[in-house]
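One structure is given below, encoded as C-alpha cells.
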Amino acid sequence: MKAVFFDNLAKGGNKMEFKFNWEGNKERVEQLNSFMKEKRYKKGALMMILQEAQDLFGYLPIEIQKMISKELNIPLSEIYGVATFYSQFSLIPKGENVIGVCLGTACYVKGGQDILAKIEEILGITIAETTPDRKFSIDATRCLGSCGLAPVMMINDEIYGRLTVDDVEEILNKYR
Amino acid sequence: MMITIEMLNEIKKKTLKTMTLRLEKKNNGISSINKENVSDKKHVLICGGPGCHSSGADELKKRFEQKIDKEELTDVNVSIAGCFGLCESGPNIEIYPGGTFYSQVKIDDVDEIVEKHLCRDEVVERLLNEGAIKEENIKPVFEVDFYKKQEKIALRNCGIIDYNSIDEYIALDGYQALAKALTEMTQEEVIDIMKKSNLRGRGGAGFPTGRKWETAFKYEADKKYVICNADEGDPGAFMDRSILEGDPHSVLEAMAICGYAIGSDQGYIYVRAEYPVAVQRLKTAIKKAKEKGLLGENIFGTEFNFNIEIRLGAGAFVCGEGTALMESIEGKRGMPRPKINRTAHKGLWGKPTIINNVETLANVPPIITKGAKWLKSIGTEDSPGTKVFALGGKIKNTGLVEVPMGTTLREIIFDIGGGIPNGKKFKAVQTGGPSGGCIPEEFLDTPVDFASLGKIGSIMGSGGMIVLDDTDCMVDIARFFLDFTVDESCGKCVPCREGTKRMLEILERITKGKGTPEDLDRLESLSEAITDSSLCGLGQTASNPVKSTMKYFRHEYEAHVKEIRCPAGSCQELLQFFITDKCVGCTKCANNCPASCISGNLKERHVIDTEQCIKCGTCMEVCPVGAVIKK
Amino acid sequence: MAEITINAKKYQVNSGITILEACNRLGISIPTLCHDDRLEPYAACRLCVVEVKGKKNLQTSCSTKIRDGMVVETHNKRVINARKEVLDLLFSNHPEDCLTCEKAGGCKLQDYCYEYGVEEGTYVGEKKDYHIDDSNPFYTYDPNKCILCGKCVRVCDELQCTNAIGLGNRGFDSKVVTPFDLGLATSNCVSCGNCVAVCPVGALTPKKKEKYRTWEIRKVKTTCSYCGVGCQIELLVKGDKVVGVEPARGTPNDGLLCVKGRFGYSFINHSDRLKAPLIKRNGEFEEATWEEAYDLIIDKISEIKEEYGSESFAGLTSARCTNEENYLFQKMFRALIGTNNVDHCARL
C-alpha cells in the first residue's frame with residue numbers, strides 16, 4: 001500500500017522516507033491538541049487547525065490528519081482533500097528554511113525564473129521538494145506583493161529584493 | 001469600554017498636535033501650520049511599505065532615534081508610516097517641514113542626515129530622490145512628478161499616519177464616518193449614499209457596492225456576514241497589502257459601516273497567508289479598536305454590535321473568487337459554487353453575505369463623511385472616484401499610484417511612472433493580471449475606467465499594471481499567465497481544468513518553435529469556448545491574455561509558427577547564435593563547443609553552423625571579447 | 001407558473017425549477033455528466049450549458065432557475081460548439097479503449113461524443129497516467145477514465161454518508177482519492193457500490209463474473225430479498241442468467257443499495273441453490289412440489305399440536321422478511337397455532 005502513496009507524492013515532490021515521531025513531537029502534539037480544544041467550536045475551524053499543524057510540524061503528517069479527523073469529527077477524506085488543495089500545506093516535511101521565489105508577473109519579467117533556476121541548481125531540488133538534510137525546501141510562491149523590489153525571494157519571513165543570480169549563493173549560505 | 005463622539009473628538013484634537021508637520025504632505029504642501037499647535041519642530045517620516053519594510057525601515061528608525069538622542073535633539077520626532085508608493089527608490093524617508101524627499105537611504109546615511117539636515121538645516125543633496133531635483137532646485141515630495149498627478153482616497157492615510165496608532169487614524173477623521181452612520185443615519189440612508197456615489201468594486205468586476213449592500217439588507221436572516229476580500233492574488237498587484245499594512249483601520253471602519261447598513265454583526269477578513277506583516281498589523285488594529293470600543297458591543301452607545309475575525313488563506317489564487325473564498329472560510333476546498341443564488345442572498349454558511357475587496361472598503365468612510373456628490377466629482381461619470389495601480393515591470397518608477405478614474409494609460413506610465421528605463425521602447429502594458437490583457441501603444445491614450453479597458457480586450461482587474469518593453473515576447477507573456485492559471489485552476493469545471501492546460505501546451509509548443517499555423521486557430525476557438533462555458537471568473541477570463549496578445553500581436557505569433565523566430569529575442573529555443581566581426585579568432589569557442597559546430601582558423605573570425613548548434617550558450621560564456629550574440 | 005421561450009417555442013412551466021428540469025419535463029434532451037437530481041447542482045461538467053438571452057456567457061441549465069419571460073436556446077450553434085469543445089477536452093484526456101471498455105454502450109461520454117460527432121480527442125498533450133485501484137473485491141477504480149464529475153464523491157458523502165472518497169489535489173491534477181491515496185481497501189469504504197451506480201463513464205465498474213455488453217442484457221425489476229427494507233433492484237439478465245444488479249430509482253431506496261443487494265447475487269446461479277422444496281423420504285432428501293411440502297407442514301403441525309399442545313411451538317422470523325410478512329407470521333402463531341412463543345432475529 002505504501003507504494004501507491006509515494007507514487008502519488010512523487011508527482012509533486014521527491015521520494016522521501018520519513019516516519020512521524022510521536023515521542024519527539026510530544027510537546028507539539030499537545031500544543032495542537034490544546035489549540036483544537038480552543039478553536040473546535042469555531043465555524044470552519046478546519047483551515048485554522050491545519051494551518052497550526054503545518055506551522056508546528058512543518059508538514060501535515062498522516063498521523064496528525066487522522067488525529068484531527070477524530071477530534072473534529074470531520075471525515076479523513078475531506079481533510080485530505082483540503083490538505084492537498086492549498087499549496088501552503090505539505091504532505092512531506094519541509095526544510096528548516098523555506099524559500100519562496102516569487103513567480104509573479106513583475107518578478108517574471110525581471111528574471112525571477114533565473115533566480116529560481118540558480119537556487120535549484122545550488123540545492124539540487126526543485127519546487128515542492130526538500131533537501132535530504134532537511135535544511136531547505138522551495139515553495140512556488142505567487143506574487144509576494146513586493147513588486148517594487150522585483151525580482152524577489154522570501155526565506156522564512158525575510159524578503160530579499162532586487163536580486164541578481166550572483167546574490168543567491170551568498171544569501172543561501174547565511175542559512176546553512 | 002464605551003466610546004462617545006466627544007471622546008473621539010478629544011483624541012483627534014490631542015493627536016493632531018503631534019501630526020501637524022506631516023499634514024503638509026496630506027495638504028500637498030499647503031502649510032496650515034498653526035504654530036501654537038506644533039509640539040515638535042521636525043519630523044522624520046520613514047516609509048514602512050512592503051518594499052521599504054523589507055529593506056530595513058525598522059533599523060533606520062532605530063538608528064535615527066539613537067543618533068537624535070546622541071545629538072540631544074529634543075524636538076524631533078521619528079515615525080514609520082505605510083507605503084509612500086515609490087517603491088523603486090526605497091527605502092524612502094521624508095523630513096518635515098518642507099517635505100524633503102530622501103531615497104535609497106542606507107543605515108550608514110542616517111548620521112549624516114541627522115547632523116546636516118536635523119541639526120543644521122542643510123539638505124543632504126546626494127541622497128535626494130532623483131525626481132526631487134529639477135534644474136538644481138530642490139522640490140518637496142509633493143511636487144515630484146510621481147506624486148503630482150495623484151489623488152488619494154483609498155491611500156489617503158498611507159504614508160502619513162503610524163499604522164500602529166489608532167489615535168493617528170482618529171486624528172485624520174478616522175471613525176467619524178462610523179459615528180455618523182450609527183448616530184445620525186438609518187441603514188437605508190447609508191445604503192442610499194453608497195448607491196448614489198456609484199462606488200464600484202475595486203476587486204475586478206466593478207459591481208456597484210451600494211446595490212450589493214441593498215440586496216443583503218433586503219433579505220431577512222438571523223445572521224448576516226461582511227467579508228473583506230484581502231486575498232490579493234493577482235501577481236503584480238499589491239495595493240491591498242499596502243492599505244492593510246499602512247491604514248488597517250480604514251478597512252475595519254468600513255466593514256463596521258457595512259455591517260450596520262445590512263444588519264450584520266460579524267465580519268471576516270480573509271487574508272493571504274503570504275502577507276504576514278499585514279496580518280500582524282490587522283491583529284493589532286482589531287485589538288486596539290476593541291479596546292476603544294469601536295468594535296464590539298454597543299458601539300457609540302447604540303444597539304449596534306460588530307466583531308471582526310481574521311481568517312488566513314493557504315495559497316490558492318482561486319479563493320479570491322467570492323464563493324470559493326466562502327468555501328475556504330467554511331473550512332473546505334476553495335472550489336467556486338454554482339451561482340444559483342447571489343451571495344448577498346445566500347453566501348457564507350448560506351446566509352446573506354457582503355464581500356468587498358480591501359480597496360473598495362477603504363473608499364467607504366470618506367464617502368459617508370463627504371457624501372456621494374464628492375465622490376462623483378472625481379473620476380468619470382461611469383466610474384467615479386480613484387483607482388490604485390501597482391506599476392511594475394519595465395518601468396522607471398515601480399510602485400503604487402492612485403489616480404482619478406479616466407486618467408490615461410500614457411499619463412500613468414509616462415508622466416507618473418517615468419516611462420521605460422534603459423533606453424528601451426514601450427511595447428505593451430498588461431493590466432488586470434491573469435484575467436486581463438496586453439494593451440499596445442496605439443491605445444495608450446485610453447482613459448482608464450471599467451468600460452474603456454473592457455472595450456480594448458483587457459480589464460481593470462485589481463489594478464496591476466505590468467509594463468513590457470521590446471525585449472518581452474508576447475507569446476511568452478501569454479504562456480506565463482496560462483501557466484499561472486493552470487496552476488491555480490481549482491479543477492472543478494472541464495473548460496478550465498482541461499482547456500487551460502491544453503492552451504498552455506499549445507503556447508509552450510509555439511515558444512519552443514514547434515507550433516503550427518493551425519495551433520493559432522485552435523487557440524482562438526478554445527479561448528472562446530473557455531470564456532463562454534467556465535464556471536467562475538477565473539476560467540471565464542483565463543483566455544484574456546491569449547486573446548489580447550493574439551489580437552494586437554498576431555504577427556509575433558505568426559513569426560513563431562511560420563518563421564520559427566521570436567521577434568523579441570526572448571524565446572531561448574528559437575534563438576540562433578552568431579559570431580560577429582568582433583571575433584579575434586582565439587578558438588576558445590570552437591574548443592569548448594560540445595556539438596563541435598564552430599569552425600574557423602586561429603586569429604580569424606569563427607562561424608557557427610546554426611543547423612548543428614544545440615543552443616547551449618557555452619560559446620557565449622567562454623568568448624573573451626563578447627563576439628557571440630544571439631538573435 | 002412562468003412563461004418561458006425555449007428554442008422559439010413558448011411553454012408554461014412551474015416557476016422555481018431549473019432550466020434542466022423544465023427541459024426534462026418538456027422532452028428536450030440536454031446532455032449532462034455531473035447532474036443527479038438527488039444531489040445539489042454542481043455545475044462542473046458544463047455540458048448542460050444553454051444560451052439565456054441577456055446573459056453574456058452561456059449558463060448551466062442545471063443551476064439556473066426559470067424566470068418568467070426567459071428566452072433560452074438549448075441547441076444553437078454557440079451552445080453546440082461549447083458542448084463539442086467540452087467533449088473534445090474530456091476525450092483528449094481519456095483512454096481510447098472503448099472497444100474493450102466494460103462501460104461501452106452504457107457510457108455517457110461515449111453517447112454524447114456520438115450525439116455531437118466528436119470522433120476523437122484532438123488535443124495532444126499530457127494524459128492521466130495513474131495506477132488502477134483493484135483493491136476492492138467488488139469493483140474496480142480506473143482513475144484514468146475518470147472525468148471528475150464528482151458524483152461518486154457526492155453520493156458517498158451526501159447520500160451514503162460514508163465519506164470514503166474525496167477529491168484530492170487541484171486543477172489538472174485533481175483526482176478522486178481515498179485518504180492519502182492509499183487505495184480503496186485501506187479506506188472505510190463499505191462497498192455499497194453507490195458510487196459505481198452513478199459513475200457516468202468506465203472509471204468505476206463492477207467486477208464481473210461474466211462478460212456482457214449492455215445491449216445483451218435485459219433488466220428485470222424486483223425486490224431485494226436480503227432484508228425487510230424492500231429495496232427495488234434491477235436484475236441484469238443475459239440469456240437466462242443473472243449477471244448483475246443495479247439499484248432502481250423510486251421508493252424506498254431511490255437508486256441506492258448496500259453491498260449485499262448490489263453485489264451478493266451470485267447465489268442465484270449457484271449449483272447448490274435450492275429451486276424446489278425437498279422432503280426426506282427413506283433417509284434421503286427428494287425433490288417435491290410446493291403442494292406436497294405445504295401438506296406435510298400442515299400435517300406435522302396438526303399432529304404435534306394435538307399431541308403436545310400449542311405451547312410446544314416457538315416461531316422465529318427473519319429480518320429479511322417485510323413488516324407485513326412478519327405480521328402475518330406472528331398472527332399465524334398466535335391465532336392459528338395458539339402460542340405467544342414468537343420472536344424475531346432483529347430483537348436478539
Before giving the answer on side-chain contact (heavy atoms from CB on, under 4.5 Å), spell out for B/Asp469 and A/Val109 the whole-Å C-alpha distance, their side-chain angles and the decisive distance to 0.1 Å.
CA-CA 10 Å; B/Asp469 68 19; A/Val109 299; over 6 Å; no
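- Annotation: the span from B/Lys223 atom NZ to A/Lys43 atom NZ amounts to 7.5 Å, rounded to 0.5 Å.
- Counting heavy atoms of neighbouring residues, nucleotides and ligands inside a 6.0 Å radius, atom CG of A/Asp133 exceeds 12 of them.
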Between A/Met47 and B/Ser328, does a side-chain contact (heavy atoms from CB on, under 4.5 Å) hold up when you go through it step by step?
CA-CA 8 Å; A/Met47 285 282 284; B/Ser328 185; 3.4 Å; yes
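- Distance check, rounded to the nearest 0.5 Å: OH of A/Tyr160 to OG of B/Ser55 gives 12.0 Å.
- Counting heavy-atom pairs closer than 4.5 Å to chain A, the top residue among B/Leu391, B/Asp476, B/Leu468 is B/Asp476.
- The greatest number of non-hydrogen atom pairs below 4.5 Å with chain B, out of A/Ala106, A/Ala45, A/Gly81, is found for A/Gly81.
- In this model, no donor atom of one side chain and acceptor atom of the other lie less than 3.5 Å apart for B/Asp483 and A/Tyr108.
- Of the charged side-chain nitrogens involved, at least one lies within less than 4.0 Å of a carboxylate oxygen, so that B/Glu309 and A/Lys42 count as a salt-bridged pair.
- Comparing B/Gly233, B/Gly315, B/Gly90, B/Pro50 by how many heavy-atom pairs each has under 4.5 Å with chain A, the most go to B/Gly315.
- The part of B/Cys319 that comes within reach of chain A is its side chain, from C-beta onward, which places non-hydrogen atoms under 4.5 angstrom from that chain.
- In this structure, the separation between CD1 on B/Ile329 and CE on A/Met48 is 9.5 Å, given to the nearest 0.5 Å.
- When all heavy atoms of A/Gln88 and B/Ala273 are compared, the pair lying nearest together is OE1-CB, 3.0 Å.
- A/Leu103 touches chain B through its backbone: at least one of N, CA, C or O sits under 4.5 Å from a heavy atom, while the side chain does not.
- In terms of heavy-atom pairs under 4.5 Å with chain A, the best-connected choice from B/Asp240, B/Asp487, B/Ile466, B/Val318 is B/Ile466.
- Between chain A and the options B/Trp349, B/Phe481, B/Tyr275, heavy-atom pairs under 4.5 Å are most frequent for B/Trp349.
- Summarising the geometry of B/Arg333 relative to A/Tyr86, their closest heavy-atom pair is C-OH, 3.7 Å, with the distance given to 0.1 Å.
- Atom CD in B/Glu88 sits 9.0 Å away from atom CG in A/Leu149 (nearest 0.5 Å).
- For B/Arg241, the part sitting under 4.5 Å from any heavy atom of chain A is the side chain, from C-beta outward, and nothing else.
- For the options B/Gly334, B/Ser242, B/Gly313, heavy-atom pairs under 4.5 Å to chain A are most numerous at B/Gly334.
- Top candidate by heavy-atom pairs under 4.5 Å with chain A, chosen from B/Lys332, B/Glu232, B/Gln430, B/Glu488, is B/Lys332.
- Contact of B/Ser89 with chain A is made through the backbone alone, with heavy-atom distances under 4.5 Å.
- Atom SG in A/Cys102 sits 10.0 Å away from atom CD in B/Glu274 (nearest 0.5 Å).
- Only the backbone of B/Asp234 comes within contact range of chain A, with at least one heavy atom under 4.5 Å from a heavy atom of that chain.
- One distance of note links CG of B/Leu312 with CD of A/Gln51; it measures 5.0 Å at 0.5 Å rounding.
- Taking all atoms of both residues into account, the shortest heavy-atom contact from A/Gly104 to B/Pro235 is CA-CB, 3.5 Å.
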